[in-house]
Number of protein chains: 2
Amino acid sequence: MDKKDHHFLSDETVEEASRTFKVLADPTRIKILYLLSQEECSVTHMTEVLNMSQSAVSHQLRTLRGLRLVKSRREGNHFYYSCSDQHVINTLNQVITHIDCE
Amino acid sequence: MDKKDHHFLSDETVEEASRTFKVLADPTRIKILYLLSQEECSVTHMTEVLNMSQSAVSHQLRTLRGLRLVKSRREGNHFYYSCSDQHVINTLNQVITHIDCE
DNA sequence: TATCTATATGATCATATGTTCATATAGATA
DNA sequence: TATCTATATGAACATATGATCATATAGATA
């Protein structure tokens, strides 16, 4: 391939892609996102199902919220979280599918 | 969704997915993989095109080699690297495409 | 109003990761 | 054989990140 035919990524694109993959690189966030991709659920529920401390779950939810990958709604004393970025879920599912079919 | 209908990921699957995303989470590796997805090239060439130190490139290639995402062949004094995991390239391209079309 | 429940958050600490610098190495060439 | 070139690698260092612990907070309830 001739050098002039190359496509180069802009720094912004590289950084954005890196951010996307960084979010998905942590086991805890993978579990949370995969769970939320199947059902909306409360922090308490996540904590129980994932067998993690409330604080750890909450901190990761903060990260995910900051990146607008999840959203929450209040119902009484509970906050119900759900996914808000289908593209990230698609990417996650694609990789998981590939792993599981090997 | 009823709890019994949930699909849970095994720890191994989560770990494997995490590993995959971790590799793609670093800007330098993204640049290297994207370059190699377009053409086989030598370490010297990568160093010049990516404007990075030889050592930094070489260290990252070691990481990528360890994970069998790239392979190399010798030709005289040069080592030519190329991609060896199309699935990872597909994942990378999918995310990049999504970013660039926004 | 006092307290309880669910969630959020700040500080701290340990670990992981990427770069640089210095140097090693293997094959090519003088 | 001496040296040069391309690449690899180890040590050291700085930064980033995730978990935990303690505590704050807001709405519900007694």
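Below, chain A is the first sequence line, B the second, and so on; all start at residue 1.
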For residues 56-67 of chain A, run the donor-acceptor check on the side chains, cut-off 3.5 Å, and write out each pair with its distance to 0.1 Å, sequence neighbours left out.
| residue | atom | partner | partner atom | Å |
| --- | --- | --- | --- | --- |
| A:Q60 | OE1 | A:R29 | NH1 | 2.8 |
| A:T63 | OG1 | A:H59 | O | 3.3 |
| A:R65 | NE | A:Y81 | OH | 3.1 |

Item to check | Qualifying residues under side-chain hydrogen bond (donor to acceptor under 3.5 Å, both in side chains), relative to A:D100, sequence neighbours excluded | outcome: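 With sequence neighbours excluded, A:D100 shows a side-chain hydrogen bond (donor to acceptor under 3.5 Å, both in side chains) to B:T13, given in chain and number order.
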Next on the checklist: Under the salt bridge (Lys or Arg N to Asp or Glu O under 4.0 Å) definition, can you give me all pairs with a residue in residues 74-88 of chain A, not counting sequence neighbours?
Outcome noted: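 Applying salt bridge (Lys or Arg N to Asp or Glu O under 4.0 Å) to every pair that reaches into residues 74-88 of chain A, excluding sequence neighbours, yields A:R73-A:E75.
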Item to check | Within residues 6-19 of chain A or reaching into it, pairs that qualify as salt bridge (Lys or Arg N to Asp or Glu O under 4.0 Å) - sequence neighbours excluded | outcome: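 Those involving residues 6-19 of chain A are A:E16-A:R19.
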Calculate the interatomic distance between [X] atom [atom1] and [N] atom [atom2]; express it in whole Å.
| X | N | atom1 | atom2 | answer |
| --- | --- | --- | --- | --- |
| B:E48 | D:dT5 | CD | C1' | 13 Å |
| A:R73 | D:dA26 | CZ | C1' | 18 Å |
| B:M46 | D:dT7 | CE | P | 8 Å |

Suppose we screen for side chain to side chain contact (heavy atoms under 4.5 Å, CB included). Which residues come up paired with [X], at least two apart in sequence or across chains?
| X | value |
| --- | --- |
| B:S18 | A:P27, A:I30, B:K22 |
| B:Q86 | B:I89, B:N90 |
| A:T44 | A:S42, A:E48, A:H78 |

Next on the checklist: My validator wants the stems of DNA chain D: runs of 3 or more consecutive Watson-Crick or G-U pairs, both distances under 3.5 Å, written as range with range.
Outcome noted: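 Counting only runs of 3 or more consecutive pairs, the stems involving DNA chain D are C:1-30 with D:1-30.
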Checklist entry - Which value, rounded to the nearest 0.5 Å, describes the distance between B:L36 atom CG and B:Q38 atom CD? => result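 Between B:L36 CG and B:Q38 CD, I get 9.5 Å after rounding to 0.5 Å.
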Item to check | For A:Y34, ring pair (Phe, Tyr, Trp, His ring centres under 6.0 Å) partners two or more places apart | outcome: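 B:H7.
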Item to check | Exercise: identify the closest heavy-atom pair between B:L33 and B:C83 | outcome: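 For B:L33 versus B:C83, the nearest heavy atoms are O-SG, 3.8 Å.
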Next on the checklist: Tell me if the side-chain of B:Q54 makes a donor-acceptor pair with the base of D:dA6, cut-off 3.5 Å, by modelled atom types.
Outcome noted: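 In this structure, the two groups form no donor-acceptor pair.
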Could you list all N or O pairs between the protein and nucleotides 16-20 of chain D that sit under 3.5 Å apart?
| residue | atom | partner | partner atom | Å |
| --- | --- | --- | --- | --- |
| D:dG18 | OP1 | A:R29 | NH1 | 3.1 |
| D:dG18 | OP1 | A:R29 | NH2 | 2.6 |
| D:dG18 | OP2 | A:R29 | NH1 | 3.2 |
| D:dA19 | OP1 | A:T28 | OG1 | 2.7 |
| D:dA19 | OP2 | A:Q60 | NE2 | 3.0 |
| D:dT20 | OP2 | A:S53 | OG | 3.2 |
| D:dT20 | O4 | A:H59 | NE2 | 3.3 |

Next on the checklist: Counting only heavy atoms and a strict 4.0 angstrom limit, can you tell me which residues of residues 74-82 of chain A come near DNA chain C?
Outcome noted: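 Going residue by residue through residues 74-82 of chain A, the ones with a heavy atom under 4.0 Å of DNA chain C turn out to be A:N77, A:H78, A:F79, A:Y81.
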